[in-house]
Amino acid sequence: MNRLFWNVLKISPAILAASWLAANSALAGEANEQITTVAQLTQQNDSMGQVTSVSQFSDVQPTDWAFQALQSLVERYGCIAGYPNGTYRGNRALTRYEFAAGLNACLDRVNELIATATADLVTKEDLATLQRLQEEFSAELATLRGRVDALEARTSELEANQFSTTTKLVGEAIFNVSQAFGNNQAVTNPNTPTRDLTSNTTFDYRVRLNLLSSFTGTDQLQVRLQAGNNTPIGNGGNNNVITGTNQTRLSFTDSTFDELKVDKINYAFNLGDYARVKVDANTAELWENVNVFNPDFRSSGTGAISRYGRFSPIYRVGSGGAGVTVILNPKGAISLTGAYLASKASNPDAGFGLFNGDYAAFGQLEFKPSKAFNIGVAYAHTYDGARNGGTNNVNFIGGTGSTFAGAPFTNTVATTGNHYGIQASFRPSDKLTLGAWAGYSNAVAESGPNRGRDAEIIYWAGTLALKDFGREGNVLGLVFGQQPTVTDTPVANRRDGDTAYHLEGLYKIKVSNNIQVTPGLLVIFNPENNDRNDTIYVGTLRTTFAF
């Protein structure tokens, strides 16, 4: 039936055109030969021949205003005849008989086309079958109609009460139970007396609510609210005071003090097809803006259990303030990233701001020949200054590694850094992902007695993720490496003497699409790069709710 409907629609314009163009049809005699009877019309019509091309009319030119309409009636529908002398005479007057004859010719052609198009389309038997089926399934059709009506009503209600037409709410809640084990707290100096490691089991949480708004379909405004009970004094996830080292810090730790706050605002948009720009108003974090080559462990809520195990420390430099990140050719096999971050820009003290004081200038070149293999090289130039008298200010390597790596010349000395890193990810199969990174940082003292002298820091790690281990959706993960370690410094008592090793094992259990439970164990050998320190263990059980 549909084909019949569309054929009629296609033919109908011809009927209308014929009705009008018949006014100029050559179905009558000469201009002075008025036809007044059907017999005369028939006799006159018999003397005319059907034409198959508009070019057969000697008096019709392509420049005539009705040329295209006449051409369609002649060549597509074949219902226009010409005079024996090969003329059309389109400018002469029309009688009612002539109109009837012309319209009848086109209608005959229309009926012929309809009959041809629908000859095998439907029969009376088919119609009877359709009627019988409709009667037999009348109950089901009524039920289906009722469901459609209910869906329409529900859709209307959701549209009327939806949160926003432009904004989505995305949330994450983390509940974590952890405890550190070991005989002694880690100390940096081999000559420092050790103290017993006294630790209790702690329960920590962190909640994030993301409001993600889009105004063009390719842009995104992010407003994030956060609350949690981690504090910088060493309780729970921030366990560096309990264990004596940042090397044991967990992945999701933030200084929130049980307060709900707006901790992140940024806006990302495209510049054409070859550039992505992201502007951070506060809490700028490189690792959320760029590829860190560790897809299975990068997330603080569903990735590695340790801070170091998530990605290379080069992505932590300069974080915490405002800045802009630009990625050129983000979807191509080769892409280039540039970023500028000022960690004190959103909360400046005297002498600090967006363009003076602490900052990081970052660049990364990525090579992505396939989804299975990605590799990138990164560079960052940083300045970390002293403020408020220099107390606990310098954070040279982003809160990972040894105490000396975080402040190579003591935490009161302003420090300039040049950071170099190489990162790669290799996925030989859908079930296995291998990752690795290595980095070198050169720190230069900008104040104090060692001004102008430099220190050197190295780090490296390898990761393994085995997907669908035990059950579909589960992931078994391993991380092994060396956190940032000072290998050379002009300050005699701030060089890391031994090598501390980081070993981490975790098992991500997918309970549902919204719940993940992750037991894990973090082991630090020779904490604080001091072999006099006993091995420290941190056990965790993290549950993450996504909504």
Side-chain angles (χ1 to χ4, degrees), residues 1-134 141 148 217 272-274:
M1 295 299 291
N2 285 338
R3 184 166 56 177
L4 172 61
F5 176 74
W6 286 114
N7 281 326
V8 172
L9 283 183
K10 290 189 292 184
I11 294 169
S12 296
I15 299 174
L16 297 176
S19 301
W20 186 87
L21 287 169
N24 296 308
S25 176
L27 295 176
E30 297 292 332
N32 59 351
E33 297 175 355
Q34 184 66 26
I35 298 175
T36 59
T37 67
V38 175
Q40 288 177 299
L41 178 64
T42 303
Q43 182 181 3
Q44 179 75 4
N45 196 38
D46 290 341
S47 67
M48 302 175 191
Q50 175 66 46
V51 295
T52 58
S53 173
V54 73
S55 63
Q56 293 176 253
F57 294 133
S58 61
D59 60 344
V60 176
Q61 303 299 325
T63 56
D64 292 337
W65 67 272
F67 177 83
Q68 291 184 348
L70 184 61
Q71 184 182 43
S72 176
L73 288 171
V74 171
E75 299 180 3
R76 292 184 61 187
Y77 300 102
C79 61
I80 294 296
Y83 286 93
N85 62 357
T87 61
Y88 177 65
R89 303 179 188 179
N91 292 322
R92 63 171 301 278
L94 175 74
T95 68
R96 292 168 63 86
Y97 285 119
E98 291 170 343
F99 173 80
L103 179 60
N104 183 68
C106 282
L107 287 175
D108 287 343
R109 180 57 178 161
V110 167
N111 290 329
E112 179 184 346
L113 291 172
I114 292 176
T116 302
T118 62
D120 300 322
L121 185 62
V122 65
T123 64
K124 288 185 177 181
E125 290 77 6
D126 295 331
L127 294 175
T129 300
L130 289 174
Q131 185 176 6
R132 186 175 69 254
L133 289 173
Q134 183 180 7
L141 291 174
V148 172
D273 296 330
Y274 299 101

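Numbers here simply count residues along the sequence, with the first being 1.
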(request) Check whether any side-chain N or O of S72 sits under 3.5 Å from a backbone N or O of Q68 as a donor-acceptor pair, and report yes or no. (result)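 The answer is no, because no donor-acceptor pair under 3.5 Å joins these two groups.
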(request) Report yes or no: does T87 contribute a side-chain atom to a donor-acceptor pair with the main-chain N or O of D59 at less than 3.5 Å? (result) no
(request) Taking all non-hydrogen atoms of both residues into account, name the closest pair between V60 and Y88 and its distance. (result) CG2-CB, 3.8 Å
(message) Restricting to side-chain contact (heavy atoms from CB on, under 4.5 Å), what partner residues turn up for Q61, sequence neighbours left out?
(response)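 For Q61, the residues satisfying side-chain contact (heavy atoms from CB on, under 4.5 Å) (neighbours in sequence not counted) are T63, D64.
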